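Note that ligands are numbered from 1 as they come in the structure, with each ligand's atoms numbered from 1 the same way. Every value quoted in this text rests on a predicted model; they were computed, and no experiment measured them. Starting from 1, each residue takes its place in the sequence as its number.
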Amino acid sequence: MNAELEATPEAVARHYDHITRFYEIVGSRSLHFGYWPRGDEGSSLGEAQQRFTDFLIGQLGVRKGQRVLDAGCGIGEPAIQLARSTGCEVEGITISPRQAAQAERWARLLGTSGQTAFRCADAMALPFPAESFDAAWAIESIFHMPDRATVLREAARVLRPGGRLVIADIVVTETATPEERAFLHRALLARSLITAETYPAIVRGAGFDVEQVLDVSGNVMATLGAVAVGIEEKGEEVRRAYGEAFLAGMKSEWARVTNVASRGMGYVVLTAHRR
Ligand code: SAH
């Protein structure tokens, strides 16, 4: 998180070059929220993140040999899990050069290099030909991007007709105040937070038929508390990696995010296919 920078793609790239290690320390190599089924509050953040990836793999429904775009791939963990569990091929892009290099390294270490490829690129201008993918997903990446409609049109362009799209994204609630919205934009380095209610029309407008918009807020928001626990438990490691001032700043910033999120933040999983 960084309240000072404007969320240009360059600033988002610098942010992730810097912050990825923090999320690895307090969570796992999956840089997204965790998912806790009702009644199962016991699992760790890492377990819940893995479970959320598995859930999204189920939503995507791809088969062995199919080609999938991962738009905003982080350090590759979701793409690697997807490739391993389905036998598909994944092209991951991230705006952070450091993340792209790390994702390639993890793929080599984990033995998926034959199925996965990662590079630094902007999802607003995809370096792929038209109709070259069977499916695409974007996990907690679109809210960083300056223009959601452009990103979605780019996804539609590179998908074959009928190709599936899964989006996991942070949204703002309809009741969020302008101050809360402004705070969340700054704190999350977000460029384009919208409400769950306005999402389907934007996806339809980019050339998709929307299948489902699932509000999973109740299953994922425990992530915020889990990260706060992670900051306490792994404080020493965070301090070694980033220094005392970062640790103190992160603790107070995270408490503010958690407070505002309880009223102003939601989370959706949207599934669609290209018309
Ligand atoms: N989906 C990954 C990473 C989520 S973090 C995971 O679940 O682990 C957000 C990701 O979005 C980062 O990898 C960041 O580099 C990427 N991102 C943000 N803006 C982007 C853009 N304009 N083009 C491509 N990737 C972008």
Side-chain angles (χ1 to χ4, degrees), residues 1-2 5-35 45-46 48-57 59-60 68-83 90-104 106-107 110 112 116-128 135-155 157-158 165-170 185 187-193 216 220 223 227 267-270:
M1 275 178 292
N2 190 323
L5 293 171
E6 208 204 321
T8 59
E10 295 72 29
V12 173
R14 280 198 303 275
H15 170 73
Y16 276 104
D17 278 354
H18 176 66
I19 205 73
T20 299
R21 180 80 197 116
F22 167 75
Y23 287 115
E24 274 187 275
I25 293 171
V26 300
S28 71
R29 292 197 305 277
S30 283
L31 309 177
H32 59 242
F33 278 48
Y35 186 99
L45 177 56
Q49 288 172 314
Q50 165 100 42
R51 187 185 298 121
F52 196 30
T53 305
D54 286 339
F55 172 76
L56 296 172
I57 291 171
Q59 296 288 311
L60 197 61
V68 180
L69 168 69
D70 183 350
C73 63
I75 53 173
E77 180 64 10
I80 289 168
Q81 277 191 52
L82 173 64
V90 190
E91 290 270 2
I93 61 153
T94 161
I95 199 79
S96 153
R98 190 174 292 170
Q99 283 190 335
Q102 283 178 287
E104 276 293 312
W106 279 114
L110 297 169
T112 63
T116 57
F118 300 98
R119 68 174 93 172
C120 181
D122 190 340
M124 310 264 301
L126 290 170
F128 302 108
W137 73 11
I139 307 174
E140 276 170 53
S141 56
I142 296 188
F143 71 86
H144 288 302
M145 300 179 192
D147 184 350
R148 199 175 248 96
T150 303
V151 177
L152 291 167
R153 274 198 304 273
E154 270 295 86
R157 180 181 68 77
V158 302
L165 172 71
V166 170
I167 296 172
D169 210 1
I170 293 170
H185 274 91
L188 303 175
L189 225 65
R191 271 301 289 274
S192 54
L193 288 175
V216 295
V220 305
T223 303
V227 169
Y267 200 110
V268 293
V269 175
L270 182 146

message: Applying ring pair (Phe, Tyr, Trp, His ring centres under 6.0 Å), can you list everything that pairs with F118, at least two apart in sequence or on another chain?
response: none
message: Could you tell me if T94 and Q99 have a donor-acceptor pair between their side chains, going purely by distance under 3.5 Å?
response: yes
task: Measure the acute angle between the ring planes of Y35 and F52, then classify it against the limits of 30° and 60° as parallel, tilted or perpendicular.
output: parallel
message: Between S28 (side chain only) and S30 (backbone N and O only), is there a donor and an acceptor less than 3.5 Å apart?
response: yes
What does the contact table look like for ligand 1 (nitrogen or oxygen on each side, cut-off under 3.5 Å)?
residue, atom, partner, partner atom, Å
ligand 1, 1 (N), G72, O, 2.7
ligand 1, 1 (N), I139, O, 3.0
ligand 1, 7 (O), H32, ND1, 2.7
ligand 1, 8 (O), L31, N, 2.8
ligand 1, 13 (O), G74, N, 3.0
ligand 1, 13 (O), T94, OG1, 3.4
ligand 1, 13 (O), Q99, OE1, 2.6
ligand 1, 15 (O), T94, OG1, 2.8
ligand 1, 15 (O), I95, N, 3.4
ligand 1, 15 (O), Q99, OE1, 3.3
ligand 1, 22 (N), D122, OD1, 2.9
ligand 1, 23 (N), A123, N, 2.9
ligand 1, 25 (N), I95, N, 3.3

- prompt: Counting only N and O atoms by type, is there a donor-acceptor contact under 3.5 Å from the side chain of R157 to the main-chain atoms of F128?
  reply: yes
query: If you take all heavy atoms of R148 and F143, which pair is closest and at what distance?
result: NH2-CA, 3.9 Å
